[in-house]
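This report refers to the structure that appears directly beneath it.
Numbered from 1 within each chain, the chains take letters A, B, ... in sequence-line order.
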There are 2 protein chains.
Amino acid sequence: MSSANPLSRVSLSQQIRDQLLDRIIRGELPPGNRLVEMKIAAEFSTSQAPVREALRELETMGVIETLPNKGARVRTITNEELRQLYEVRAQLESYATQLATAAGAPLKSRLKEAIKAMKRAARESDSTAFASHNSAFHRIIVEASGNKILLDMWETLNVQTRTMTNVARSRRNLMELADSHQTLIDAIASGDPDMANRVAKDHVLSNRPKSADTSIKQSAS
Amino acid sequence: MSSANPLSRVSLSQQIRDQLLDRIIRGELPPGNRLVEMKIAAEFSTSQAPVREALRELETMGVIETLPNKGARVRTITNEELRQLYEVRAQLESYATQLATAAGAPLKSRLKEAIKAMKRAARESDSTAFASHNSAFHRIIVEASGNKILLDMWETLNVQTRTMTNVARSRRNLMELADSHQTLIDAIASGDPDMANRVAKDHVLSNRPKSADTSIKQSAS
DNA sequence: CAATCAACGATTATCGATAATAATTGACAC
DNA sequence: GTGTCAATTATTATCGATAATCGTTGATTG
């Protein structure tokens, strides 16, 4: 590792944060799981301090929760919170999709590639890979909006969504879900911002987990 | 401080984080300002570790930025980023305002109180107090949406907005700005979600700082 | 005077130790 | 068997020290 390369200057705390985050997203550390500082430190052969720093970041991201003197757990998101999360996500993604109608031609082919990857994962009944490609599909759209703040916020919601939706799905279910993304591509390609906005909102809200679907909403969506 | 009271169990790092955040918001630590760990530790009569933890949280919040081995600065938000921020904020607040049309009667009087506080600050040419009451006004609406995720995200944007808008304004300017909030109350009281949505979006976008107003937008707002 | 380099001081990142708090375990009484 | 209490262990939160990195300053050279 050359010290002239900025990429090599990744602090231990960042590495620990990223690895814990990855495990949480992949379901290896499910909600409720205890995160014990000294054990994590031993695993990473480091002292406690960088671990504490990593946990502070993860907590600020909303991925874990801690109580004073009682340590950290992977955060469990209630059904109500998940419902709220999907509603906000629908607002952000519909706006992003609306803006993405103005993006250039490469967007469409990139989205098609992402659907292919989703279908590949579906054929292999690989829910984790599917979730990853599904996220990538949506991320491409949000990136195409050109709004970095939007992307940052979307990423935050995405992480929180994925910790709670590590559920194995049938191959058929995954294939249908992959197919449902084609309507988003068509909407963006139509160049009609308002229509794209509505299609994206419908897509997000209709694809939320059942557990986030149980509350009765009072206002029109 | 009784140890039986959970409120007393506030870690040093949290206290440091909160105080630094408050100073940043009030403009006492303006964008670009250096945050030196050992100096902050000396000021708070503590060791370096809680300071580092506090800074990790502030960075994850997007309020400060650090480079490896080079320390922390209050983050400077570019004009382009501020523009993007206001656009996202417009989306979130318009949705919140739409949802708030279903809230009960106490909302309206609370909002009126917030306008009064704004006007009081305007008469005293107290820009900092004005900004605080302005934020409170909008926070009341977002809280009334009943969506906690929305509130968390809005708070994030609010903090970032306030670090970049610590500009003294004339008394007349502040009074006009305070007055402009009445249309939001009227819109919410109308009970019409769509109209409230539009009015809120217009309000946010028309009240952004000039520096966030210079880019030409391609898509229709 | 400008450029270069070495020395020094400032600061960051992590270490290992310590104090405080919480959880667990075992002994004892009823 | 249940409840209580004390001792022990586990864990968190912070301390002070140390190593590594960076920025500044002063000396030297052309």
Could you tell me the separation between the [atom1] atom of [X] and the [atom2] atom of [N], rounded to a whole number of Å?
X	N	atom1	atom2	answer
Leu55(A)	dT11(D)	CG	P	14 Å
Arg17(B)	dT14(D)	CZ	P	12 Å
Phe44(B)	dG16(D)	CZ	P	17 Å
Glu43(B)	dT11(C)	CD	P	14 Å
Ile64(B)	dT12(C)	CD1	C1'	13 Å
Glu53(B)	dT12(C)	CD	C1'	15 Å
Leu12(B)	dA19(C)	CG	P	17 Å

Measuring to OP1 and OP2 of [N], would you say a side-chain N or O of [X] lies under 4.0 angstrom away?
X	N	answer
Ser47(A)	dT14(C)	no
Arg52(A)	dA13(D)	yes
Lys70(B)	dG23(D)	yes
Ser11(A)	dT12(C)	no

Salt bridge flag under 4.0 Å for residues [X] and [Y]:
X	Y	result
Arg56(A)	Glu57(B)	yes
Arg23(B)	Glu43(B)	yes
Glu113(A)	Lys116(A)	yes
Glu155(A)	Arg139(A)	yes

Side chains of Gln84(A) and Glu80(A): donor-acceptor distance under 3.5 Å anywhere?
yes
Is it true that Gln91(A) and Gln91(B) share a donor-acceptor pair across their side chains at a distance under 3.5 Å?
no
Please give the angle, rounded to 10 degrees, between the axes at the start and the end of the helix from dC1(C)-dG30(D) to dC30(C)-dG1(D), where five pairs define each axis.
0°
If you pin Gly71(A) and Ala49(A) to their nearest nucleotides in DNA chain D, which one's is more 5'?
Gly71(A)
Contacts to DNA chain D from residues 33-42 of chain A, heavy-atom cutoff under 4.0 Å, which residues?
Arg34(A), Leu35(A), Val36(A), Glu37(A), Met38(A), Lys39(A)
Base dA13(D) to side chain Gln48(A), donor-acceptor N/O within 3.5 Å cut-off:
yes
Distance, nearest 0.5 Å, that separates CG of Leu151(A) from OG of Ser145(A)
7.0 Å
Any base atoms under 4.0 Å from Thr66(A), or only sugar-phosphate, or nothing? Heavy atoms, all strands.
nothing
Both Pro50(A) and Asn69(A) contact DNA chain C. Which one's nearest nucleotide lies toward the 5' end?
Pro50(A)
Could you pull out the closest heavy-atom pair between Leu205(A) and Glu87(A), with the gap in Å?
CD2-CA, 4.2 Å
Hey, do the aromatic rings of His181(B) and His133(B) have their centres closer than 6.0 Å?
no
So if I apply the side chain to side chain donor-acceptor pair (under 3.5 Å) rule between Glu93(B) and each of Lys201(B), His138(B), Gln98(B), which one comes out positive?
His138(B)
